[in-house]
2 protein chains.
Amino acid sequence: MATSLHAHVVEHLGSRIVSGQIPRGSIILAAELEQKLQVSRSVIREAVRVLAQCGLVNSTKRVGIRVLSAEHWNPYDDHVIRWRLASDHKGAQLRSLTELRISVEPMAAELAAEVAPEEMRKELMLISAQMNHYGRQGDLRRFLELDIRFHALVLAASGNEMFANLATPVGAILRGRTELGLMPERPHEEALLWHQSVADAISNSDPAAARRNMESIMRRTHNEISSLWENEPRLFVDPGKTS
Amino acid sequence: MATSLHAHVVEHLGSRIVSGQIPRGSIILAAELEQKLQVSRSVIREAVRVLAQCGLVNSTKRVGIRVLSAEHWNPYDDHVIRWRLASDHKGAQLRSLTELRISVEPMAAELAAEVAPEEMRKELMLISAQMNHYGRQGDLRRFLELDIRFHALVLAASGNEMFANLATPVGAILRGRTELGLMPERPHEEALLWHQSVADAISNSDPAAARRNMESIMRRTHNEISSLWENEPRLFVDPGKTS
DNA sequence: TGACACCAATCTGTGCAGGCATAAAAATAA
DNA sequence: TTATTTTTATGCCTGCACAGATTGGTGTCA
């Protein structure tokens with residue numbers, strides 16, 4: 001996938017910065033990187049430019065490439081999310097994402113019930129039916145993929161592109177929950193019912209019911225995985241950073 | 001501000017792509033840009049790299065730099081948000097952002113009541129008191145700045161960096177509402193009360209009350225500005241884009 | 001004749017090497 | 001302390017070689 005050379009450099013540096021192997025506040029010199037990674041200046045420069053946009057570094061004249069602290073990272077950047085999920089603070093990233101989806105998905109379901117195009121409503125009905133089937137059968141692999149598709153569909157059907165774009169990290173959460181063994185042997189009957197009800201409500205243009213049932217799903221999902229970040233410290237960003 | 005050359009190129013191209021002056025599907029050649037903008041290859045390449053990360057373009061060999069359609073844009077990128085807010089589809093961007101903040105801010109208030117550090121609670125109390133003062137006095141300029149600070153504080157006090165990072169676009173919404181004359185001559189008494197109640201609830205560690213009052217604020221804010229996007233079409237992204 | 005596979009030409013981004021200009025930190029002088 | 005010079009790393013530019021994808025042509029076979 002990351003076939004291009006500069007993408008490798010981005011990956012190399014980004015993952016090391018997020019994991020903490022390169023401590024914040026460090027100053028890297030472009031010339032060092034050139035010979036350490038055996039690539040040319042242009043590659044370094046483009047990679048640094050990308051990392052700067054992620055908020056990981058900040059290159060200034062006469063001083064070099066400064067590694068920034070976590071509060072400067074762009075928490076919506078796909079790279080950053082991926083690197084954080086692969087780091088020791090995976091829990092903190094999962095918490096942030098989960099709180100975000102708990103906030104967003106009920107609203108997405110409500111909107112979807114109002115504005116979703118017909119074909120999406122139909123596919124939602126189909127998916128939820130399949131979820132019932134494979135869920136009761138205990139086929140967790142298939143269920144997981146359907147679950148991911150279900151939530152991606154609801155987010156997209158809201159017609160809000162900011163919601164739709166959360167499909168990838170939400171999928172990551174769902175995968176994480178299964179991989180870490182936090183799923184029951186087979187999905188709870190209630191959960192299946194709620195998914196079905198969300199699909200029904202969207203299909204029948206019943207925003208209130210769609211929201212209500214999605215909220216139920218969110219409550220359960222939160223209870224199932226909140227143990228993952230019990231001891232993760234929270235990050236309080238300076239609110240004056242922007243103004 | 002954008003002092004560096006490549007930043008200018010990013011700005012130039014990005015704004016034109018988002019505004020539609022450069023139609024999606026167009027193919028730009030790096031060599032063209034070099035002489036049209038009178039900058040060197042390295043500048044072009046770094047700019048293109050940044051734009052590619054925004055999802056605006058997609059450069060491939062033998063074909064050139066392809067301008068992508070809106071569904072590929074990264075809706076959380078600060079550049080993209082700014083360019084969209086300056087474009088003809090400002091309404092659509094405001095709608096997406098408003099729906100997002102309506103989803104997020106009540107949860108942020110709830111979390112803040114649980115985890116906010118003491119000094120943030122104190123500042124919230126201070127700000128809401130000043131909002132009362134200048135609001136009743138009809139000083140909309142000062143009120144706006146306080147309002148922006150208030151919501152930025154709540155988002156930051158949630159301890160969720162994804163929430164905190166929404167402070168900038170939320171500020172943009174609030175500014176937009178005032179600039180477009182959608183604010184009443186002086187803030188409604190209810191609104192002042194709700195802000196005060198949110199601050200009180202967070203200060204007293206009462207998550208339910210914090211959420212409830214923030215929800216009230218959100219309902220009103222939605223009613224006040226939803227007229228802005230009455231006729232904006234919604235964008236339904238293909239949910240399979242990710243999987 | 002027409003369909004298909006294969007090969008070569010060509011075009012464009014990618015990567016490399018080295019040079020000069022410039023801004024900001026650090027050292028020096030006033 | 002304040003002003004000036006020196007240092008030094010990034011910003012920017014250019015020429016060159018390479019890689020990969022598209023295109024068109026060529027030849028084979030049906």
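Letters A, B, ... mirror the listed sequences (proteins, then strands); counts begin at 1.
The residue among A/Thr60 and A/His6 whose nearest nucleotide of DNA chain C is located toward the 5' end is A/His6. Nearer the 5' end of DNA chain C, as judged by each residue's closest nucleotide, is the contact made by B/Arg62, out of B/Arg62 and A/Gln38.
We find that CZ of A/Arg45 is positioned 14 Å from P of C/dC16, with the value rounded to whole Å. Taking atom NZ of A/Lys61 as the reference point, atom P of D/dC12 lies 7 Å away to the nearest angstrom. When rounded to the nearest whole Å, the span between CG of A/Leu29 and C1' of C/dA25 equals 13 Å. At whole-Å resolution of the value, CG in B/Leu37 and C1' in D/dC13 are 15 Å apart. Separating the CD atom of A/Glu46 from the C1' atom of C/dG13 is a distance of 10 Å, rounded to the nearest angstrom. Atom pair B/Glu32:CD and C/dC11:P shows a separation of 15 Å (rounding to whole Å applied). One interatomic measurement links the two molecules: CZ of B/Arg66 to P of C/dT12, which rounds to 13 Å at whole-angstrom precision. Rounded to a whole Å, the CD1 atom of A/Ile44 is 16 Å from the P atom of C/dT14.
The A/Val39 side chain lies nearest to C/dC16 when the options are C/dT22, C/dC16, D/dA9. In the set C/dT22, D/dC12, C/dG15, the nucleotide with an atom closest to the side chain of B/Leu5 is D/dC12. Nearest nucleotide to the side chain of B/Ala30, out of C/dG15, C/dG13, D/dT10: C/dG13. Each of C/dG15, D/dC12, C/dT10 was ranked by its minimum atom distance to the side chain of B/Arg41; first place goes to C/dG15.
The main-chain N or O of A/Met183 is never found under 3.5 Å from a side-chain atom of A/Arg177 such that the two would form a donor-acceptor pair. Of the possible donor and acceptor atoms, none in the side chain of A/Arg234 sits under 3.5 Å from a partner among the backbone N and O of B/Val115. Judged purely by atom type and a 3.5 angstrom limit, B/Ser15 uses its side chain to pair as donor or acceptor with the backbone of B/Glu11. Judged by distance alone, the side chain of A/Arg41 and the main-chain N or O of A/Glu34 form no donor-acceptor pair under 3.5 Å.
Contact annotation: B/Arg49 side-chain N/O to C/dT14 OP1/OP2 distance is under 4.0 Å. Between A/Ser40 and C/dC16 there is a side-chain N or O to OP1 or OP2 distance below 4.0 Å.
The residue B/Ser59 sits close only to the backbone: its heavy atoms come under 4.0 Å of sugar-phosphate atoms, none of a base.
Salt bridge present: A/Arg101 and A/Glu105 bring a charged side-chain N and a carboxylate O closer than 4.0 Å.
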